[in-house]
Amino acid sequence: MRCCLWAACGRVSLSSRRGGQRSSPPSPTVSGRREGEGRKGRLPRGCRSSPRRLSEARWRRRAREARGALLAGTAELTQTFPRMASSTEYGSHTWDLLLRVDHQYEDAEKEFPLQVTGDLHVGGLMLKLVEKIKIAQDWSDYAFWWEQKKCWLLKTHWTLDKYGVQADAKLVFTTQHKMLRLRLPNMKTVRLKVSFSSMVFRAVSDICKMLNIRRPEELSLLKQSEGTLKKKKKKDKNSKEPATEDILNLCNSPVSSGLPANPGLYSKTMTPIYDPVSGSPASSTITWFSDSSATEQNCSILALSHPTCSPETLAEMYQPRTLADKAKLNAGWLDSSRSLMEQGVLEEDQLLLRFKYYTFFDLNPKYDAVRINQIYEQARWAILLEEIDCTEEEMLIFAALQYHVSKLSLSSETHDSTCESEVDEVEAALSNLEVTLEGGNKSNILEDITDIPKLADNLKLVRPKKLALKAIKTYWFVFRDTSVSYFKNKESAQGEPIEKLNLKGCEVVPDVNVAAKKFGIKLLIPVADGMNEVYLRCDNEDQYARWMAACVLASKGRTMADSSYQPEVQKILSFLQMKNWTMCSQTASEPENVDMKPECFVSPRYTKKFKSKQLTARILEAHQNVSQMSLVEAKLRFIQAWQSLPEFGLSYYIVRFKGSKKDDVLGVSYNRLIRIDMATGDPITTWRFSNMKQWNVNWEIRQVAIEFDQNVSIAFTCLSADCKIIHEYIGGYIFLSTRSKDHNETLDEELFHKLTGGQE
């Protein structure tokens with residue numbers, strides 16, 4: 001208002017100047033005042049107006065004058081300028097939007113300006129753009145990508161105003177499916193077309209359908225961190241890139257072309273598509289996988305192991321030395337609730353396809369030859385690169401199994417035999433129902449739910465003391481439910497025990513040396529101030545297998561009445577039998593007559609410790625106990641031995657707990673969280689998922705808070721990766737624990753995103 005008044009006053013002043021007369025406000029003289037008013041018109045001295053009142057009156061007068069001049073100026077403007085167009089005549093709601101089209105025609109135009117309105121929906125914008133491009137092709141796979149906000153405009157019924165698109169938005173009309181290079185666990189690279197607009201969880205499901213891998217929820221995509229590539233880049237400066245020779249092009253597979261996958265591959269009543277002994281694809285079902293002529297070759301590449309790498313290649317790969325180095329391996333997991341483009345992945349980039357969750361559900365050789373082989377390869381490289389620690393005896397077992405697998409894979413013999421022990425699932429279910437109705441199944445837990453098994457035997461108790469001294473004494477131990485009690489002798493077992501140890505939530509670590517007849521069980525029992533360390537010594541293999549299986553189940557909150565107790569005992573016994581190669585009466589082959597490179601089957605640490613001939617002889621000795629295994633059986637034994645290692649399934653992250661002044665390492669497993677001292681590597685505390693009440697994330701300060709039973713709560717911030725990765729690990733393992741063979745094969749994707757997505 002003040003500016004308008006000033007302008008109006010200015011116009012009056014200019015008009016007066018143009019007339020040639022300079023106007024000035026009249027100043028009343030004393031004589032004039034005396035003539036007009038006289039002394040009689042003057043007010044008394046006490047009734048005169050104050051200077052403030054005079055100034056207000058003067059400003060009112062000037063405002064009236066300015067208002068009149070403004071009205072006069074408006075009339076002049078109306079006469080001088082023509083009438084402006086109305087909004088309906090010109091269309092003031094329209095605005096220009098520059099769109100870029102990412103098509104394959106280099107000579108054609110790629111930028112198109114369109115005049116749009118805010119109420120135009122995305123589908124209408126696509127239609128207008130395609131009409132203006134004037135190129136006849138299939139545009140069904142194209143969608144808009146917003147570069148500034150890094151998001152897809154996939155809801156075609158939404159308007160531009162609802163998305164918040166304005167004139168400065170940079171929209172790219174590009175394909176949703178692009179080429180991506182994936183490094184599989186067997187170190188082979190495949191090139192295939194993947195959806196860059198779908199969430200990573202769904203994209204991985206499509207990838208697994210192309211590769212014929214069941215249970216895609218166990219896998220995810222990993223981006224290699226810069227720390228894991230430094231050593232490789234330094235050593236590859238003067239060497240050629242061998243990756244181009246190993247690329248397997250699968251861009252013509254049915255799923256990558258947008259066609260639905262064959263439902264028979266995921267049906268429970270399907271015919272077996274792999275030989276359960278050799279793992280080779282069945283000839284009658286080759287056409288189910290693809291119509292390509294190279295399908296059989298592709299299946300053999302994915303389902304069968306190939307010659308191992310050279311020791312030079314193994315030495316060039318990244319090998320973690322400390323817990324901090326191991327934490328770098330898990331820092332690059334992609335967010336399963338976001339698309340590839342939203343996470344900065346571009347076309348032709350290379351990612352790692354790995355098993356993220358170490359809960360391998362329903363492994364069946366008849367359907368899972370590719371899956372079993374990829375799990376075996378991931379376990380093999382974890383052993384060779386020392387991502388997981390193992391003893392010398394265990395390393396030789398792994399080396400013998402690798403040698404046996406490579407020997408069978410390179411063999412030209414055909415495996416036409418069938419495994420009689422593998423029964424069809426429907427027949428197994430019917431026979432189980434028949435035995436149950438006849439009352440002959442003595443191992444059924446439902447027959448007598450009041451009968452709780454127990455173990456009672458003489459064991460040696462070892463308690464570490466100060467100054468590295470250990471007190472070893474024999475007691476009478478009784479194992480019932482999930483607790484172990486020990487007494488002075490068998491006769492005093494009816495009274496009060498010396499101590500009762502609750503094993504629920506504890507850490508069970510095997511301490512075995514078969515050659516030295518050492519069968520020990522290390523128990524790390526959580527207490528208020530940390531972990532209580534207890535050692536149990538058994539006399540023989542059978543006793544160790546029974547007590548070890550009971551301790552493992554008790555740590556998970558299960559008793560010996562659980563149906564998995566006897567299989568666990570048998571698995572431990574079979575693993576001990578593989579280690580007991582020195583008791584075998586057979587003689588090993590002469591190392592000179594065997595064409596073996598032992599450096600390819602053991603980690604570099606043991607290559608430096610032993611000579612080549614010594615390693616060859618010891619691997620051949622260990623090979624005696626596994627030489628009669630079939631190819632798939634050897635891979636499954638390797639996976640079982642890997643699962644029996646103490647550090648199996650642990651993913652490490654560097655964190656800072658709330659209230660702590662130093663950094664710690666958090667180990668995330670399929671059933672627990674472990675707080676580990678970063679300097680010594682010793683576990684401090686263990687928290688089981690079964691005791692967890694709730695967890696949440698403060699996205700502003702990136703802090704994870706977890707509440708457990710008995711009023712136990714923890715909070716920490718992740719330093720080596722985004723806290724979203726740990727949040728997704730916890731939710732993912734809880735989601736996988738809900739799987740059952742009785743349920744349909746279809747995944748509950750909505751439940752997965754509820755548990756892992758979070759609200760940032």
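Within the structure, the ring-ring contact (aromatic ring centres under 6.0 Å, His included) test picks out the following pairs touching residues 369-397 (sequence neighbours left out): Tyr376-Phe638.
A donor-acceptor pair shorter than 3.5 Å cannot be found between the side chains of Gln378 and Arg380. A side-chain N or O of Lys635 and one of Asn373 form a donor-acceptor pair less than 3.5 Å apart. A side-chain donor-acceptor contact under 3.5 Å links Ser564 and Asp562. With 3.5 Å as the limit, one finds no donor-acceptor pair spanning the side chains of Gln577 and Asn625. With 3.5 Å as the limit, one finds a donor-acceptor pair spanning the side chains of Tyr729 and Ser651. Under 3.5 Å, the side chains of Glu386 and Ser603 contain a donor-acceptor pair of N or O atoms.
A heavy-atom distance below 4.5 Å is not found between the side chains of Ser485 and Arg480. Within the 4.5 Å cutoff, the side chain of Val655 has heavy atoms near those of the Ile726 side chain. A heavy-atom distance below 4.5 Å is not found between the side chains of Ile674 and Thr685. Between Met560 and Leu455, some side-chain heavy-atom pair lies under the 4.5 Å cut-off. The side-chain heavy atoms of Asp457 and Gln543, taken from C-beta on, include a pair separated by under 4.5 Å. At a threshold of 4.5 Å between non-hydrogen side-chain atoms, the residues His404 and Gln628 do not count as touching. The shortest distance between side-chain heavy atoms of Gln402 and Leu384 falls below 4.5 Å.
By the 30° and 60° cut-offs, the orientation of the rings of Phe519 relative to Tyr544 is tilted. Between Tyr606 and Phe610, the ring planes are parallel. Angles under 30° get that label, and only those over 60° would be called perpendicular. The aromatic rings of Trp687 and Phe657 are tilted relative to each other, their planes meeting at an angle between 30° and 60°. Trp547 and Phe477 have perpendicular rings, their planes meeting at more than 60° on a 0 to 90° scale where under 30° would count as parallel.
Asp481 places no side-chain N or O within 3.5 Å of a backbone atom of Ser483 that could act as its donor or acceptor partner. Looking only at distances, a side-chain donor or acceptor of Arg354 sits under 3.5 Å from a matching main-chain atom of Leu184. Listed for the Glu217 side chain is no donor-acceptor partner under 3.5 Å among the backbone atoms of Leu736. Judged by distance alone, the side chain of Glu541 and the main-chain N or O of Leu576 form no donor-acceptor pair under 3.5 Å. Not a single donor-acceptor pair under 3.5 Å links the side chain of Tyr733 to the backbone N or O of Ser669. A distance-only check finds a donor-acceptor pair linking the side chain of Arg688 to the backbone of Ser555 [under 3.5 Å]. Although no hydrogens or angles enter the test, the distance criterion places no donor-acceptor pair under 3.5 Å between the side chain of Arg618 and the main chain of Leu615.
Outside the 6.0 Å centre-distance limit, the rings of Tyr670 and Phe689 are not counted as a close aromatic pair. Aromatic rings from Tyr486 and Trp476 are positioned such that their centres are separated by 6.0 Å or more.
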Report task. Carefully, step by step, assess Phe398 and Phe601 under the rule ring pair (Phe, Tyr, Trp, His ring centres under 6.0 Å). Result -> CA-CA 8 Å; Phe398 288 127; Phe601 302 116; over 10 Å; no

Query - Audit row: Tyr475, Phe487, ring pair (Phe, Tyr, Trp, His ring centres under 6.0 Å) steps and yes/no - result: CA-CA 6 Å; Tyr475 294 96; Phe487 305 84; 9.9 Å; no

Report task. Show your reasoning for whether side-chain hydrogen bond (donor to acceptor under 3.5 Å, both in side chains) applies to Glu394 and Thr391. Result -> CA-CA 5 Å; Glu394 292 166 342; Thr391 63; 3.3 Å; yes

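Between Arg215 and Glu218, none of the side-chain N atoms (NZ, or NE/NH1/NH2) sits under 4.0 Å from a carboxylate O, so this pair counts as no salt bridge. With respect to the salt-bridge test (charged N to carboxylate O, under 4.0 angstrom), the residues Arg214 and Asp368 qualify.
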